[in-house]
Amino acid sequence: MAMITSDPTMTFLNDVKPYKTSWKVEVKVLHSWTQHSSYSGGDSLQFILADKTGVKIHCTCKRLFFARVKKLQVGQWRFIENFSLTAAAGKCRPTSHKYKMSIISNSNVTNSTLKDEDNFLSLTSFTEIMNGSLDSNFLIDVIGQPIDIGDIQVVPVQGKETKKLEFTLIDTEDHQIACCLWGRFAEHMLYAYKVAQVNKNFLCLLRFAKINVYKGQVQVTNAFDSSTVEINPPGFDVQDYLQVLPRNELALTTGSHELAKHKGSKRQPDKWSIYPERSILDIIMATETETCIVKGTIYEIDTDWAWFYFGCVKCHFKKVTDITKRDVVPVKHLWYCDSCHQSVTNVAPQFKLHLLIKDDTGETKVMLLDTIAEPILGVSAEVLLDGSLEEVEDPEDLPAAINELIGKTFKFGVYVSKDNVDYGADIFNIGKTWSADEIITHSDDENTDDTLTNRALSDRSSGQVSLISMESEENTCLSSTPLSKRKGECEIDDLSSTSKKQCSKIMKQEKK
């Protein structure tokens, strides 16, 4: 159930969803840093924000929109209006929020009068870190007394000489955990240690730190500039700080924690007919990327997401941001295209359906783009919108054609991507669909482009669907960060590790 704010125009972070961009939130800036990039988009600004309920979210801002976030200063409360949301994934997720916020062309940051000095710590106990009950893709807060502080070492990391400092954190129950800090964090810790040698109450708070495994040993390390190190933080004493440990929100609910080595991506064959058939449990537990075929029944439409988006016709339907000024009469609709780097008016609605499917082994989420969704619906997004140019206001108000998918069974051509395997993304992209009882052979993929379309048209009335290709849209509007941009995002040579996939079941019921 959504929490109600005193201001009806405002929403708590726990209730924001991707189906629209016109949200307004009141947040405190807990941390900010610059993420350097050699890609064309350049550097980006990253923020960790919290609302007054303590819910935190990761926010990112491209260089193009830096001017819009000048007021986002650490420790200050601000209002943020108009932003987009995408599925959160990755090995270094600073919050447990299921979505990540992005600043867009019409985002607006203004001052808030709220005063609250809470830093919204989510302290993790040493026992939880050591027993493997946490998902190592999430960053943690941990506090303890540093002991056994060694000398700074200089080691090569990705071709650069980098400083490294190893030490041990100890809590008041004599639990110990190994730590390793890199770069300026190592220098900061060593300086604090030398200054505090005469002060036995030397505490170290590591915020947004990563759980790692190095040479078989569990350790805590900084996740590049995502982390912070604070010496003798206010409000803590070495004798009683454990009393403030809250219930940790990142504990996994299923299975034991095992480690798996990185699996390299394989070159995918072109013919769908040679791809293996898998169950939903198989793709959830996958430890390497692959393309496969999964038979599943649609039991719900995921209304956290809008069922369509507006795309720039010139840029092959890349997603655009609505910047229409609705206080001007008559309203003239206008969008901003990141690819064109300009305002545009020539846009068209495109399907982006998020479905929940199940089989006898489990449940999962899948996403179908326009050329995959339209044939199984039997109608275009433009027709369903009937000329409307407004974004979704009520995500539960779905067209009948979409609701009628519930209860139907299809075979789905599934891309199990690196995002799913290594970065915890729980949405699988669909490349082709078949009717539930269709036999997939080599001939289905050979010289059948026209007949496939015709067969899909003739099968719509019975709920059947033939082979539909996604290749033209595969990279148009995916929900997660492109793989090329993730390379090296949170890896330090052989110190990075990934956890074996846990089976996390979606507990949603089929609509009656």
Side-chain angles (χ1 to χ4, degrees), residues 30-31 48 91-92 94 119-153 155 162-251 257 259 490 492 495-497 499:
L30 302 181
H31 179 39
I48 300 175
K91 292 183 182 179
C92 298
N119 286 320
F120 302 105
L121 288 173
S122 300
L123 290 174
T124 304
S125 71
F126 287 23
T127 302
E128 289 175 298
I129 297 171
M130 298 301 295
N131 67 15
S133 64
L134 302 178
D135 186 340
S136 62
N137 287 325
F138 293 94
L139 305 184
I140 61 168
D141 298 340
V142 63
I143 190 170
Q145 185 173 17
I147 61 173
D148 300 331
I149 299 177
D151 296 324
I152 282 187
Q153 305 172 49
V155 296
T162 306
K163 293 180 179 179
K164 167 185 172 184
L165 179 67
E166 296 179 324
F167 60 97
T168 300
L169 276 185
I170 184 171
D171 65 21
T172 54
E173 295 181 1
D174 204 31
H175 297 138
Q176 299 184 10
I177 189 166
C179 295
C180 179
L181 296 182
W182 296 82
R184 62 183 178 86
F185 295 97
E187 295 176 335
H188 180 47
M189 171 60 73
L190 189 61
Y191 174 78
Y193 169 63
K194 290 179 178 179
V195 171
Q197 279 182 335
V198 295
N199 179 8
K200 295 182 179 179
N201 293 326
F202 174 29
L203 284 178
C204 175
L205 171 64
L206 300 178
R207 295 210 70 180
F208 315 112
K210 181 167 178 60
I211 301 173
N212 221 336
V213 176
Y214 178 53
K215 295 183 178 179
Q217 180 187 40
V218 178
Q219 64 174 205
V220 174
T221 183
N222 62 287
F224 293 95
D225 290 334
S226 304
S227 306
T228 66
V229 175
E230 190 169 351
I231 305 301
N232 286 332
F236 289 93
D237 183 87
V238 74
Q239 298 302 320
D240 62 11
Y241 73 89
L242 282 183
Q243 296 177 13
V244 301
L245 284 175
R247 176 177 63 83
N248 194 281
E249 60 189 9
L250 301 181
H257 183 76
L259 296 174
C490 193
I492 303 180
L495 295 187
S496 58
S497 63
S499 301

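Just so we're clear, the structure is a prediction, and the values are computed from it rather than from any experiment.
Residues D141 and F208 are in side-chain contact: their nearest non-hydrogen atoms beyond the backbone lie under 4.5 Å apart. R207 places a side-chain heavy atom less than 4.5 Å from the side chain of N119. For the pair S227/K210, no side-chain contact is recorded, criterion being any heavy-atom separation below 4.5 Å from C-beta on. Put simply, the side chain of L169 reaches to within 4.5 Å of the side chain of F126, judged on heavy atoms. Within the 4.5 Å cutoff, side-chain heavy atoms of V155 are placed close to those of W182. Between L121 and L205 the shortest side-chain heavy-atom distance falls below 4.5 Å.
D174 pairs by the side-chain contact (heavy atoms from CB on, under 4.5 Å) definition with I170, Q176, not counting sequence neighbours. Remark: E187 pairs with K163 by the salt bridge (Lys or Arg N to Asp or Glu O under 4.0 Å) rule, at least two apart or across chains.
Judged purely by atom type and a 3.5 angstrom limit, T168 has no side-chain atom pairing as donor or acceptor with the backbone of A178. With T221 contributing its side chain and C180 its backbone, the two residues share a donor-acceptor pair below 3.5 Å. Between the side chain of N232 and the main chain of L203, a donor-acceptor pair closer than 3.5 Å is present. Not one N or O on the side chain of N222 forms a donor-acceptor pair closer than 3.5 Å with the backbone of L181.
Taking CD of Q217 as the start and CD1 of I177 as the end, the distance is 9.0 Å to the nearest 0.5 Å. Summarising the geometry, atom SG belonging to C179 is positioned 11.0 Å from atom CG belonging to D148; distances are rounded to the nearest 0.5 Å. With rounding to the nearest 0.5 Å, the separation of CG in L190 from CD1 in I152 is 4.5 Å. Between the OG1 atom in T127 and the NE2 atom in H175 there is a gap of 4.5 Å [rounded to 0.5 Å].
Heavy-atom minimum distance, L139 versus A223: CD2-CB, 3.9 Å. Across all their heavy atoms, F185 and F224 have their closest contact at CE1-O, 3.4 Å.
Under the side-chain contact (heavy atoms from CB on, under 4.5 Å) rule, E128 has a single partner from I140, L134, L123, which is L134.
Applying the salt bridge (Lys or Arg N to Asp or Glu O under 4.0 Å) test to residues at least two apart or on different chains, the pairs with a partner in residues 218-230 are R184-D225.
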With side chain to side chain contact (heavy atoms under 4.5 Å, CB included) as the test, would you mind laying out the steps for C204 and I231 before giving the verdict? CA-CA 5 Å; C204 175; I231 305 301; 4.3 Å; yes

